[in-house]
**Q** 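Below you will find the structure I want to go over with you.
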Amino acid sequence: MALPYDVKRIEKKWQEKWLEDKTYELDVTSSKPKSYILCMYPYPSGPAHQGHVRNYTFGDLLVRYRTMQGENVLSPIGFDSFGLPAENAAIKTGEHPRPFTEAKITELKESLIRLGASYDWSRVIKSHDPNYIRWNQYIFLKFFKNGLAYRKKAPVNWCPGCQTVLANEQVLPDGTCERSHDVVEQHELNQWFFKITTYAEDLLNGLEDLNWPDRVKTMQRNWIGKSTGAEFDLKIKDHENLKLRVFTTRPDTSFGMTYAVIAPEHPLTLQLTTKENEVHVRDLIERVVKENEIKRLSSEGELTKRGAFTGSYAINPFNNKEIPIFIADYVLMAYGTGAIMAVPAEDERDFEFANIYNLPIVRTTQPPDDFGDGPYSGNGIKINSDWLNGLEINEAKEKAISWLESEGIGEKKVNYRLRDWLISRQRYWGCPIPVVYCENCGLVGVDESDLPILAPDDVEFLPTGDSPLKRHELFVNTLCPQCGELAKRETDTMDTFVDSSWYFLRFIDPHNEFEPFSKDLVEKFMPVDQYIGGVEHAILHLLYARFYSRAFVDLELSPKNAVEPFRQLFTQGMIRLNGSKMSKSKGNLVAPLKYFDTFGADSLRLFHLFVGPPQDDVDWTDQTDEVIEGMSRFLARVYRLSAPKFAQDEDGLRNKFKEYELRPETNEDSQIEKLRHRTIKRVTESFEKWAFNSAVATLMEFTNALTKYAYSGARKETINEAIDTLLLLLCPMAPHITAELYELRNSKHIHEQRWPTFDAKIAKEDSVTLVVQINGKLKDKIDVPSDITEDDAIKLANSSTKISEHLTGVEVKRIVSRPPRLVNFVI
RNA sequence: GCCCGAGUGGCGAAACAGGUAGACGCGGCGGACUCAAAAUCCGUUGUCCUUAUAGACGUGCGGGUUCGAAUCCCGCCUCGGGCACCA
């Protein structure tokens with residue numbers, strides 16, 4: 001296809017100009033209203049892929065649009081440059097991850113520039129940069145000193161593919177690693193954790209006011225998993241000195257407790273097991289220990305094999321009845337107290353278990369009359385519950401809790417599903433944890449003045465699964481910062497999600513050598529006004545960043561206005577190719593590069609904006625190339641319209657435009673002027689709603705109308721203003737060609753112009769189509785003035801021959817009119 | 001199983017707040033230009049019936065509310081996503 005202009009030359013010219021002029025570098029001192037627009041910073045895996053293009057096109061559109069609206073826009077970019085792929089490549093090829101990563105960053109940066117994305121390149125952050133490592137470690141030490149970072153031995157998720165442990169958030173529901181998709185194993189290891197659970201309640205409450213997609217908020221709520229109930233002690237028969245503590249969300253059902261269940265790993269398990277039951281109990285424990293959590297929770301339908309009677313009995317404190325104690329794998333040690341009271345009549349799992357072991361089932365809530373025999377967890381009146389009888393569930397809960405408290409055996413209790421964030425990784429290419437193990441002093445944080453602690457370069461990358469740091473004597477052996485004796489360094493590095501938990505703050509003050517960031521600047525530029533990224537980070541990154549932000553406020557690193565980092569979040573849809581997610585690992589990328597070289601970045605950007613709503617997934621199909629070509633066809637039309645004399649077309653095409661006329665404004669001219677105002681209105685409103693596809697469509701309509709107008713002989717002043725408006729409205733979407741055309745026409749830089757404004761009065765249509773219906777069916781359309789009165793509208797409708805045909809000899813029962821759009825005769 | 005979201009021409013989609021369903025684009029068809037093609041421009045394009053006029057049908061399915069429903073309500077179906085022995 002022959003374009004009327006040299007795409008490559010024009011795009012390169014403007015990309016260079018934006019860099020040279022530093023068009024999008026932030027003026028920190030500006031008094032204009034600030035606007036912080038941020039796309040999730042990318043992991044550098046090579047040139048940008050279509051997912052990046054989509055993400056950064058949305059971001060760039062907003063950056064340019066808000067800038068034109070007179071806002072002081074902060075638009076930074078960086079690279080999430082620590083991570084496994086670089087290290088895995090090192091193991092394969094022997095090449096050190098640093099040059100490998102740097103090369104990828106260069107490629108990615110290059111393609112972002114070719115996309116025409118506008119960033120403040122003076123603020124680039126790379127997470128593997130020693131400067132960033134330094135402050136990352138500084139923050140770790142702050143956390144460590146304040147009890148937010150701690151080390152403990154715990155069962156953790158081990159990914160054999162990645163050869164490292166994972167946080168709970170990095171394990172998929174099917175028990176596989178979210179990166180490598182290997183089945184995750186449970187290992188008991190000593191690891192570093194961040195105390196995110198401290199903020200569970202706060203993280204939950206904070207969601208309320210965020211302008212985020214509901215589904216992301218819901219996902220975070222589910223993940224935090226708050227449940228309110230009671231915890232209390234059960235006495236144990238023949239064990240005067242022992243108590244069994246249980247957690248329940250339904251203290252109102254306590255009278256229906258007919259047995260108790262403890263987790264196999266519960267500390268009391270062996271003590272409570274009598275000799276004759278020992279074999280079964282030990283069998284179960286052995287099996288459970290071997291299995292990982294996921295497998296254990298997924299062994300549905302085999303309940304018989306999943307529990308065992310201990311031989312001991314507890315006393316239900318509510319009615320003093322003896323109840324048998326079982327162990328079962330469906331009770332988890334990590335949640336609540338690791339022990340439950342079982343109420344089979346009101347809990348499905350307990351009900352199933354009770355049926356298998358023939359345990360009594362006693363209803364304590366009256367179900368509706370037509371309810372069968374199954375477990376009932378709905379509302380109702382309490383029965384079989386002595387002093388709770390007759391109460392509603394919620395009243396009964398309160399009363400049961402008060403009773404527990406007055407007896408001194410229990411209290412109200414809130415539990416969360418959220419567990420602390422495991423941040424140790426047994427890998428080299430990450431931020432080292434700045435801690436030393438000393439025989440005298442124990443765990444000692446490195447001196448701040450010694451930061452950053454950098455991993456040595458002269459290491460061997462071997463596929464052993466051990467971090468190369470472990471084998472590096474010079475790194476490992478050090479002196480204790482406290483007592484000066486020989487000590488050993490921590491060789492684990494931090495989860496890369498640590499790096500991304502605060503990078504948006506460092507962007508505000510990226511060259512600060514004295515602190516991670518200035519509190520004053522953060523106060524000025526936080527929160528991020530618009531955050532844009534993939535929904536796959538709904539829990540991981542977005543939860544961790546919220547945790548960090550809270551901790552920073554508490555540690556007085558950040559001002560209070562930074563407590564919620566992302567005021568507004570937009571999650572874009574994925575790109576699919578033949579139904580499956582487009583990704584490098586699947587090898588099904590359709591690289592943007594080939595489009596840069598042919599139709600140009602502007603066309604590719606326009607495609608991503610036009611193809612559908614930004615939050616929807618995009619199907620990359622056989623037709624896609626043709627649609628992208630269609631976008632470049634549209635831009636070519638804009639070019640021919642805006643600068644016909646410069647269009648490199650054959651003569652026949654160029655000369656179709658008549659010379660513009662100098663003349664007083666005719667009705668046709670003022671219609672174009674009206675359309676211009678209407679177009680500004682529609683595009684502006686579409687931008688605000690993120691309806692970019694509609695904005696493009698509106699500009700296509702405008703272009704078509706203007707082309708027709710120009711062909712038929714246009715008034716010079718009117719057409720020129722309309723074309724300039726078209727270019728201004730289009731420039732956040734297609735920044736290169738509009739800049740070129742605006743310069744050709746006006747010798748000015750379009751990206752320094754203001755966003756056009758409209759006059760609502762002029763934008764108003766002065767004639768509209770009146771729809772005339774009979775019984776709600778369309779019968780006629782009449783053009784009427786938009787300020788027509790109701791009476792006139794009805795008269796006009798009545799006088800239409802198409803209508804009178806239907807109305808002669810029939811009784812009109814009712815006339816519904818909504819002037820100026822509709823008149824409906826009901827007959 | 002539970003909770004969210006979505007289903008509109010051959011395709012991607014649009015439709016403010018219940019008021020012309022299908023804007024805009026891709027593809028198709030027809031035409032102009034050309035020796036021819038490409039490019040470009042013009043016209044046409046939901047389905048059915050009809051020479052046309054006119055009409056009927058049509059927003060996943062079945063009901064309902066309304067003068068009027070893609071839009072609101074009830075009940076289903078399909079797809080996508082999240083959660084799922086969390087007591």
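So you know, we letter chains A, B, ... as the sequences are listed, proteins then strands, and number each from 1. Just so you know, these numbers come straight off a predicted model, no measurement behind them.
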**Q** Using atom C1' of each nucleotide, how far apart are B:rA21 and B:rG9 to the nearest Å?
**A**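 Rounded to whole Å, the distance is 11 Å.
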**Q** Could you work out the separation of B:rG68 and B:rG19 based on their P atoms and round it to a whole Å?
**A**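 One P to the other, the span is 14 Å.
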**Q** Hydrogens and angles aside, do A:E201 and A:Y416 bring a side-chain donor and acceptor to less than 3.5 Å of each other?
**A**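 A pair is found: one side chain offers a donor N or O, the other an acceptor, under 3.5 Å apart.
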**Q** From C-beta outward on A:P613, which listed nucleotide comes closest to its side chain: B:rC83, B:rC41, B:rA14?
**A**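 Closest of the options to the side chain of A:P613: B:rA14.
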**Q** Any strand is fair game: report the nucleotide pairing with B:rG5 by Watson-Crick or G-U wobble, both distances under 3.5 Å, or none.
**A**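 By the stated definition (distances under 3.5 Å), B:rC79 pairs with B:rG5.
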**Q** Within less than 4.0 Å of OP1 or OP2 of B:rA87, is there a side-chain N or O belonging to A:S227?
**A**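 Affirmative; the distance criterion is met.
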**Q** Among B:rU20, B:rA23, B:rA87, which is the nearest nucleotide to the side chain of A:A697?
**A**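 So the side chain of A:A697 is nearest to B:rA23.
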**Q** Does the structure show a Watson-Crick or G-U wobble partner for B:rG18, both distances under 3.5 Å? Name it, or say none.
**A**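 B:rG18 is unpaired by these criteria.
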**Q** Polar atoms only, N or O, under 3.5 Å: list the protein pairs with nucleotides 25-30 of chain B and their distances.
**A**
{"from": "B:rG25", "atom 1": "OP1", "to": "A:N704", "atom 2": "ND2", "distance (Å)": "3.2"}
{"from": "B:rC26", "atom 1": "OP1", "to": "A:R633", "atom 2": "NE", "distance (Å)": "3.4"}
{"from": "B:rC26", "atom 1": "OP1", "to": "A:R633", "atom 2": "NH2", "distance (Å)": "2.8"}
{"from": "B:rC26", "atom 1": "O2", "to": "A:Q623", "atom 2": "NE2", "distance (Å)": "3.4"}

**Q** Mind telling me if B:rG9 is syn or anti? Syn here is a glycosidic angle within 90° of 0.
**A**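 Syn conformation for B:rG9.
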**Q** Minimum heavy-atom separation for A:A328 to A:P264, with atom names?
**A**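 Heavy atoms only, the tightest pair is O-CD, 3.2 Å.
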**Q** Is A:D617 salt-bridged to A:R576, going by a charged N under 4.0 Å from an acidic O?
**A**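 So A:D617 pairs with A:R576 through a salt bridge.
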**Q** Aromatic rings A:F692 and A:F687: how do their planes relate, parallel, tilted or perpendicular, breaks at 30° and 60°?
**A**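 It falls in the perpendicular class, over 60°.
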**Q** B:rG19 base to A:R818 side chain: any donor-acceptor pair below 3.5 Å?
**A**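 Between B:rG19 and A:R818, which were checked side chain against base, a qualifying N/O pair under 3.5 Å is present.
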**Q** Please determine if a side-chain N or O atom of A:R215 lies less than 4.0 Å away from the OP1 or OP2 oxygen of B:rG81.
**A**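 Checking B:rG81 against A:R215, no side-chain N or O comes under 4.0 Å of OP1 or OP2.
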**Q** Distance check: side-chain N/O of A:K777 vs OP1/OP2 of B:rA54, anything under 4.0 Å?
**A**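 Negative; the distance criterion is not met.
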**Q** Side chain of A:N222, heavy atoms from C-beta onward: which of B:rC83, B:rA87, B:rU20 has the nearest atom to it?
**A**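 Between B:rC83, B:rA87, B:rU20, the one nearest the side chain of A:N222 would be B:rC83.
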**Q** What does B:rA13 pair with, Watson-Crick or G-U, if both distances are under 3.5 Å?
**A**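 When the pairing criteria are applied, nothing turns out to pair with B:rA13, so the answer is none.
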**Q** Taking the C1' atom of each, how far is B:rU59 from B:rG7, in whole Å?
**A**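 Taking atom C1' in both B:rU59 and B:rG7, they lie 9 Å apart.
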**Q** Going by modelled atom types, is there a donor-acceptor pair between the base of B:rG1 and the side chain of A:E348 at under 3.5 Å?
**A**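 It does not, because no donor-acceptor pair links the side chain of A:E348 to the base of B:rG1 below 3.5 Å.
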**Q** Please confirm whether the ring centroid of A:F646 lies under 6.0 Å from the ring centroid of A:Y639.
**A**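 Centroid separation for A:F646 and A:Y639: 6.0 Å or greater.
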**Q** Any salt bridge (Lys or Arg N to Asp or Glu O under 4.0 Å) pairs touching residues 330-348 of chain A, not counting sequence neighbours?
**A**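 Of all non-adjacent pairs touching residues 330-348 of chain A, those that pass salt bridge (Lys or Arg N to Asp or Glu O under 4.0 Å) are A:D347-A:R349.
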**Q** Kindly state each residue pair satisfying side-chain hydrogen bond (donor to acceptor under 3.5 Å, both in side chains) with at least one member in residues 768-781 of chain A, sequence neighbours excluded.
**A**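 Every side-chain hydrogen bond (donor to acceptor under 3.5 Å, both in side chains) pair that includes a residue of residues 768-781 of chain A, provided the two are not neighbours, is A:D780-A:S800.
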**Q** Could you pull out the closest heavy-atom pair between A:T624 and A:D619, with the gap in Å?
**A**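 Where A:T624 meets A:D619 most closely, the heavy atoms are OG1-O, 3.9 Å.
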**Q** Taking atom P in both B:rC4 and B:rC73, compute the distance separating them and give it to the nearest angstrom.
**A**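 These two P atoms come out 13 Å apart once rounded.
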**Q** Of the nucleotides B:rA14, B:rG82, B:rA87, which one has an atom closest to the side chain of A:S694?
**A**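 Of B:rA14, B:rG82, B:rA87, B:rA14 is nearest to the side chain of A:S694.
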**Q** Find the partner of B:rC35: check Watson-Crick (N1-N3 plus N6-O4 or O6-N4) and G-U wobble (N1-O2, O6-N3) distances, both under 3.5 Å, and reply none if neither fits.
**A**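 Checking every strand shown, B:rC35 finds no partner, since no pair has both distances under 3.5 Å.
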**Q** What is the pairing partner of B:rC29, taking Watson-Crick or G-U wobble pairs with both distances under 3.5 Å in any strand?
**A**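 Across all strands, the one nucleotide that pairs with B:rC29 is B:rG43.
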**Q** Can you tell me the Watson-Crick or wobble partner of B:rU59, both distances under 3.5 angstrom?
**A**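 The base-pairing partner of B:rU59, which may sit in any strand shown, does not exist here.
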